[in-house]
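Quantities reported herein were computed from a predicted structural model and do not represent experimental measurements.
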Amino acid sequence: MKKLICIASLLFSALTFAGTPPYIGEISTEVLLKDYPAFSEEYDEFSPSEEELRTIKALEGKQVLIFLGTWCHDSKREVPRLLKLLDGSGVQLGSLQLIAVGYDKLDPDGLAKQYDLRYTPTFIVSSNGKELLRMIEKPKHSIAMDLTRL
């Protein structure tokens with residue numbers, strides 16, 4: 001019986017992770033939205049409120065670093081929502097960097113390790129090299145509110 005359970009578990013794991021391997025490394029918003037349908041579908045379906053569009057403008061001039069997994073359901077929901085908020089608000093960030101990590105939460109440049117990444121997505125807002133806040137996995141209130149509580 002134990003052998004049967006082990007075999008079933010291995011088969012389930014193989015089927016779960018079969019298909020397209022995760023993208024690993026820096027990724028542009030264009031590639032993310034073009035090559036990963038779940039991200040583009042959420043981007044298209046999300047309708048930010050006027051209040052959210054005003055709120056997100058508090059990120060003006062800030063640096064935003066996002067660690068995501070192309071395989072991660074929270075990333076597929078939250079990252080496109082932030083991208084839509086940024087596009088819709090016209091806010092000018094100092095920089096926006098998206099780093100895709102593997103199932104092991106690592107990337108080729110070691111940024112995930114440097115920033116002590118534990119969960120995806122992780123959004124890090126900073127200014128002049130100083131980390132101001134992190135939002136991990138999903139917002140407590142709204143993505144706009146949680147990323148601008150500076």
_Student check: side-chain heavy atoms of Ile24 and Val101 closer than 4.5 Å_ = no
_Trace of the side chain to side chain contact (heavy atoms under 4.5 Å, CB included) decision for Val64 with Ile124_ = CA-CA 6 Å; Val64 177; Ile124 301 172; over 6 Å; no
*Looking only at heavy atoms, which two atoms of Thr70 and Pro22 are closest? And how far apart?*
OG1-CA, 3.4 Å
_Can you tell me how far apart NZ (Lys140) and CG (Asp146) are? Round to the nearest 0.5 Å._
7.0 Å
*Trace of the side chain to side chain contact (heavy atoms under 4.5 Å, CB included) decision for Met135 with Thr122*: CA-CA 6 Å; Met135 187 185 86; Thr122 293; over 6 Å; no
*asked:* For the residue pair Asp87 / Tyr43, report whether a side-chain donor-acceptor contact shorter than 3.5 Å exists.
replied: yes
*Are Arg149 and Leu133 close enough that some pair of their side-chain heavy atoms sits under 4.5 Å apart?*
yes
*Is Val91 linked to Phe123 within one hydrophobic cluster, defined over Ile, Leu, Val, Met, Phe, Trp and Tyr using a side-chain heavy-atom separation of less than 4.5 Å?*
yes
*Quick one: pull up OH in Tyr36 and NZ in Lys34 and give me the separation to the nearest 0.5 Å.*
10.0 Å
*Mark yes or no for whether Asp107, through its side chain, and Gly25, through its backbone, hold a donor-acceptor pair below 3.5 Å.*
no
*salt bridge (charged side-chain N to carboxylate O under 4.0 Å, His left out) partner of Glu42, the single match among Arg81, Arg77, Lys76*: Arg81
_Side chain proximity check, Asp74 to Tyr119, heavy atoms < 4.5 angstrom_ = no
*How about Phe46: does its CZ atom have over 12 heavy atoms from other parts shown lying under 6.0 Å from it?*
yes
_Whether the side chain of Gln92 engages the backbone of Glu60 through a donor-acceptor N/O pair (distance < 3.5 Å, no angle test) should be reported._
no
*asked:* Given 3.5 Å as the limit, does a donor-acceptor pair link the side chain of Ser75 with the main chain of Thr120, or not?
replied: no
*Intermediate values then yes/no, side chain to side chain contact (heavy atoms under 4.5 Å, CB included), Leu98 and Phe67*: CA-CA 6 Å; Leu98 285 79; Phe67 290 101; over 6 Å; no
*Which pair of non-hydrogen atoms, one from Leu106 and one from Ala112, has the smallest distance, and what is that distance?*
CA-CB, 4.2 Å
*Using the rule that two of Ile, Leu, Val, Met, Phe, Trp, Tyr join whenever any of their side-chain heavy atoms come within less than 4.5 Å, decide whether Ile56 and Met145 are in one cluster.*
no
*asked:* Between Leu68 and Leu32, is the side chain to side chain contact (heavy atoms under 4.5 Å, CB included) condition met? List the steps.
replied: CA-CA 11 Å; Leu68 65 105; Leu32 185 67; 4.2 Å; yes
*asked:* Quick check for you: to the nearest 0.5 Å, what is the distance between Leu33 atom CG and Leu83 atom CG?
replied: 6.0 Å
_I need the minimum non-hydrogen distance between Leu147 and Leu82, along with the two atoms involved._
CD1-CD1, 3.8 Å
*asked:* For Asn128, I'd like to know if atom CG has over 12 heavy atoms of other residues, nucleotides or ligands within 6.0 Å.
replied: no
*In Å, rounded to the nearest 0.5 Å, how long is the span from CD1 of Ile136 to CZ of Arg118?*
9.0 Å
*Below 4.5 Å, heavy atoms only, C-beta onward: do Leu85 and Glu52 meet side chain to side chain?*
yes
*Should Glu78 and Ile143 count as side-chain neighbours, where that means a heavy-atom distance under 4.5 Å?*
yes
*From Leu65 atom CG to Gln114 atom CD, the distance as rounded to the nearest 0.5 Å*: 9.0 Å
_Any non-hydrogen side-chain atom of Leu59 less than 4.5 Å from a side-chain atom of Leu93?_
yes
*Closest heavy-atom pair and its distance - Leu53, Gly88*: CD2-C, 3.7 Å
*Do Ser126 and Lys62 have side chains that get closer than 4.5 Å, going by heavy atoms?*
no
*Report the relative orientation of the aromatic rings in Trp71 and Tyr103; use parallel for angles under 30°, tilted for 30 to 60°, perpendicular for over 60°.*
tilted
